[in-house]
Amino acid sequence: MIILIGGEKGGTGKTTIATNLAAMRALAGRDVLLIDTDPQGSANYWAQSRDDEGITPRVACIQKFGKGLPKEVKDLSGRYEDIIIDAGGRDSVELRSSLVVVEKAFIPIQPSQFDIWTLNQMNELVETSKGFNPDIQAKVIISRSSTNPSVHESEETGKLLDDFSNLGLANILIRDRIAYRKAAKDGLAVTELKPKDPKAISEMENLYKEVFGNE
Ligand SMILES: Nc1ncnc2c1ncn2[C@@H]1O[C@H](COP(=O)(O)OP(=O)(O)O)[C@@H](O)[C@H]1O
Ligand SMILES: [Mg+2]
């Protein structure tokens with residue numbers, strides 16, 4: 001499956017989600033490629049740390065910029081079972097062009113910095129991409145939500161999304177947990193981190209199921 005974790009805002013947890021899903025996919029025995037399209041290169045840095053620490057399974061990661069991305073992704077899709085694209089926090093050519101080739105796009109949003117403009121833009125980008133990629137599914141993931149349980153955050157976001165015909169809401173939300181930062185630093189998924197954070201593990205496992213289903 002070819003998926004995008006993208007959006008126009010930085011710091012919403014895109015790289016965290018992309019790297020966790022990539023490692024979990026590799027742990028499930030899949031041939032997975034992570035494509036880092038953000039000039040900041042955090043996904044690539046994560047994969048490098050994983051290699052440096054000798055963690056297995058290895059997660060293949062390449063950096064790719066510019067308009068040639070869709071063609072490159074199509075070529076690589078014959079060599080990998082899964083491709084996960086991490087697209088940086090701005091309206092970039094990489095974000096736009098990824099939307100043309102992916103089956104599913106996930107857009108993490110932080111409830112605290114909730115930004116209607118961002119969603120409006122994303123809704124329009126998905127609309128445009130449907131001209132070339134009519135079956136694309138795009139979902140917003142509430143990310144880095146406070147661990148202080150507040151139902152309102154997701155309910156309010158859910159209501160707001162009614163206005164955007166091209167965007168659905170993921171069933172699970174990701175909370176702000178120190179385990180995600182610790183895992184990232186060592187090139188790990190939270191499922192590999194010791195000591196275990198069962199809540200973070202359960203969030204990522206549920207997200208994994210929602211993204212990949214039974215595939
Ligand atoms: N769910 C989370 N809980 C705690 N920290 C998080 C979470 N998601 C991301 N972070 C931290 O927030 C910062 C930005 O996250 P990152 O995934 O790099 O965002 P983006 O790729 O959208 O810019 C990083 O320091 C990361 O470790
Ligand atoms: Mg990032």
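In each ligand, atom 1 is the first atom listed, and ligand 1 is the first ligand listed. Only heavy atoms go into these numbers, but all of them, side chains included; no hydrogens, no water, no symmetry mates.
- Distances from the Mg ion (ligand 2) under 2.8 Å pick out these protein N/O/S atoms: Thr15 OG1.
- Looking at residues two or more places apart in sequence or on another chain, you find no ring pair (Phe, Tyr, Trp, His ring centres under 6.0 Å) involving Tyr80.
- Around ligand 1, the residues contributing at least one heavy atom under 4.0 Å from the ligand are Gly10, Gly11, Thr12, Gly13, Lys14, Thr15, Thr16, Arg144, Ile174, Arg175, Asp176, Arg177, Tyr180, Arg181.
- Partners of Lys182 according to the salt bridge (charged side-chain N to carboxylate O under 4.0 Å, His left out) rule, which considers only residues two or more places apart in sequence or in another chain, do not exist here.
- Smallest separation of non-hydrogen atoms from Ile107 and Gly7: CG2-CA, 4.2 Å.
- Judged by distance alone, the side chain of Glu81 and the main-chain N or O of Asp31 form a donor-acceptor pair under 3.5 Å.
- When each of Ile83, Val102, Ile85, Leu21 is paired with Ile3, the side chain to side chain contact (heavy atoms under 4.5 Å, CB included) condition holds for Leu21 and for no other.
- Checking side-chain atoms of Asn123 against main-chain N and O of Leu119 turns up no donor-acceptor pair under 3.5 Å.
- The backbone N or O of Lys9 sits less than 3.5 Å from a side-chain atom of Lys14, completing a donor-acceptor pair.
- Judged by distance alone, the side chains of Tyr208 and Glu203 never bring a donor and an acceptor atom under 3.5 Å apart.
- In this structure, the side chain of Arg144 does not engage the main chain of Arg177 through any donor-acceptor pair within 3.5 Å.
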